[in-house]
Number of protein chains: 2
Amino acid sequence: MNTLAEENYLKSIYHLSLNAENVSTNQLAAFINTKASSVTDMLKKLADKGLINYTPYQGVTLSKAGEKIAVNIIRKHRLWEYFLVEKLDFKWDEVHEMAEEMEHISSNELIDRLDKFMGYPKHDPHGDPIPDCNGLFKIHNLKPVSAIGVHEGGVICGVRDHSPAFLQYLEKQSLIIGKKITVKEINEFDRSVILQTAGKELQISREVANNLLIAL
Amino acid sequence: MNTLAEENYLKSIYHLSLNAENVSTNQLAAFINTKASSVTDMLKKLADKGLINYTPYQGVTLSKAGEKIAVNIIRKHRLWEYFLVEKLDFKWDEVHEMAEEMEHISSNELIDRLDKFMGYPKHDPHGDPIPDCNGLFKIHNLKPVSAIGVHEGGVICGVRDHSPAFLQYLEKQSLIIGKKITVKEINEFDRSVILQTAGKELQISREVANNLLIAL
DNA sequence: AAATAAATTTAGACAAGTCTAAATTTATTA
DNA sequence: TAATAAATTTAGACTTGTCTAAATTTATTT
């Protein structure tokens with residue numbers, strides 16, 4: 001088995017790999033909230049274990065083995081988030097920190113049974129896909145609201161920013177997963193967006209539009 | 001907050017305190033599966049934190065603060081065991097190791113909601129009492145089967161030995177929590193006990209009788 | 001392409017928790 | 001009660017994961 005720190009590094013490399021081919025030492029340091037020198041030490045260790053592909057000064061990618069572990073941690077994280085929201089009635093902005101601890105509970109049998117208990121959910125409370133017990137999941141092809149034009153629209157299916165502050169804001173505006181929205185107007189001045197939702201009209205900033213994901 | 005190691009020491013001291021006033025360094029070392037010198041180091045640390053009462057060479061007891069933490073960990077352990085058995089269909093001999101990890105999930109809000117979700121159970125799958133959110137619970141007054149005489153009996157309400165091997169044996173013999181039994185005969189030679197249970201007669205060794213707890 | 005800046009790694013140190021071996025204290029026994 | 005045994009603590013070392021400061025490599029700029 002791997003240590004807590006190792007698991008967190010693998011998970012972080014996985015997340016950062018979605019936006020860049022190679023993940024750099026500094027990127028990782030910023031993401032994990034640690035120093036670059038600490039990252040270098042850990043990268044050596046993970047490379048020795050065969051979990052990453054690491055060339056000094058050139059950044060890292062996950063190996064097949066490393067990716068498998070990372071996806072499994074993400075599966076656990078998202079299933080526990082689903083559990084916390086659907087079974088224990090937590091709000092979607094309250095569960096991240098708890099799931100951050102729970103994702104390291106080691107038993108796979110446990111997580112598979114939890115999956116079954118909840119009816120094999122496909123998405124977590126933030127719309128992120130939950131890998132199945134084989135690590136398979138569809139990366140759904142979502143667009144930020146900021147990427148579509150006037151009179152276009154779709155269904156809210158995810159968020160880019162997972163911070164409690166952003167999630168609380170969305171909830172207050174009823175901009176929740178499953179909601180249908182249409183772009184009514186884009187303000188030329190600040191590129192803020194006026195949305196048409198069920199019954200109501202609503203203005204959101206460019207910042208918000210960038211972080212709100214929809215399926216067309 | 002306290003580290004994983006600190007929590008495990010406090011929990012262990014609590015458990016050992018049930019059988020002896022002062023817990024000795026060697027007792028702890030054996031229980032935690034570590035060396036006496038490591039125990040001494042940790043005891044100093046816990047004493048500095050005010051969680052135990054420690055006099056060198058004289059063993060330890062928990063302070064009020066330490067006991068509160070220990071009971072909270074035990075509450076978490078037992079609630080997670082209940083969850084694993086009642087919601088995820090694990091058997092009573094399969095859950096200890098998993099709960100050993102889960103008891104360290106820090107959120108109290110989480111455990112209180114889990115408690116509510118399950119309907120505030122009073123006992124874990126092995127019959128041990130679950131402390132409530134204030135740390136209160138009844139230490140029920142159980143006797144081992146070996147302590148009662150012929151024609152006496154009661155209801156199985158707990159076990160002393162929590163090892164999978166023992167629990168599996170009991171399950172195979174249908175000696176499970178809630179079962180009514182009566183002592184029919186005690187073999188003079190090896191002090192093994194013949195039990196009368198619903199319909200069946202059953203012989204158990206002294207060893208088993210010592211570890212099977214009943215309420216009269 | 002040389003000089004400077006940015007990114008990364010190396011060297012050496014530290015805290016937590018553990019270990020072995022030696023020293024000390026307490027308990028037992030002759 | 002002195003000698004021996006058992007229990008406990010101290011001293012010093014090791015591992016993991018972190019840090020700061022210095023050295024090195026890569027990227028950028030003039």
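The sequence lines fix the lettering, A, B, ..., with proteins before strands; numbering per chain opens at 1.
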My understanding is that a pair needs two contacts under 3.5 Å, Watson-Crick or G-U wobble. By that rule, which nucleotide pairs with D/dA23?
C/dT8
Using only side-chain N and O atoms of B/Y9, determine if any of them is under 4.0 Å from OP1 or OP2 of C/dT18.
yes
Do A/K87 and A/F117 meet the cation-pi criteria used here (NZ or CZ under 6.0 Å from the six-membered ring centre, within 45° of the axis)?
yes
Kindly say if B/K44 contacts the phosphate of D/dT10, meaning a side-chain N or O under 4.0 Å from OP1 or OP2.
yes
Using a 4.0 Å heavy-atom cut-off, does B/S37 contact any base of the nucleic acid, only the sugar-phosphate backbone, or nothing at all?
base
Could you give the CG-to-C1' distance, from B/N33 to C/dT18, as a whole number of Å?
13 Å
Report which part of the nucleic acid B/T40 touches: base, sugar-phosphate, or nothing (heavy-atom distance under 4.0 Å, all strands).
base
Would a line drawn from the ring center of B/H140 to the ring center of B/H123 be shorter than 6.0 Å?
yes
Of A/M42 and B/D41, the one whose nearest nucleotide on DNA chain D sits closer to the 5' end is B/D41
Under 3.5 Å, is there a donor on one side chain and an acceptor on the other for B/S192 and B/D190?
yes
Without decimals, in angstroms, what is the distance between B/L46 CG and D/dT9 P?
13 Å
Tell me whether the rings of A/F166 and A/Y169 are parallel (<30°), tilted (30 to 60°) or perpendicular (>60°).
parallel
When you measure from the side-chain N and O atoms of B/S38 to the phosphate of C/dC19, is any distance below 4.0 Å, counting only OP1 and OP2?
yes
So, are A/R75 and A/D112 salt-bridged, with charged N and O less than 4.0 Å apart?
yes
Can you tell which of D/dT9, C/dT9, D/dT10 lies closest to the side chain of A/Y54?
C/dT9
Between A/R78 and A/D115, is there a side-chain N and carboxylate O pair less than 4.0 Å apart?
no
I need the single residue from B/E6, B/H104, B/E103 that forms a side-chain hydrogen bond (donor to acceptor under 3.5 Å, both in side chains) with B/K11. Which is it?
B/E103
Any A/K35 side-chain N or O less than 4.0 Å from OP1/OP2 of C/dT9
no
Protein-nucleotides 23-28 of chain D N/O pairs closer than 3.5 Å?
| residue | atom | partner | partner atom | Å |
| --- | --- | --- | --- | --- |
| D/dT25 | O4' | A/Y57 | OH | 3.4 |

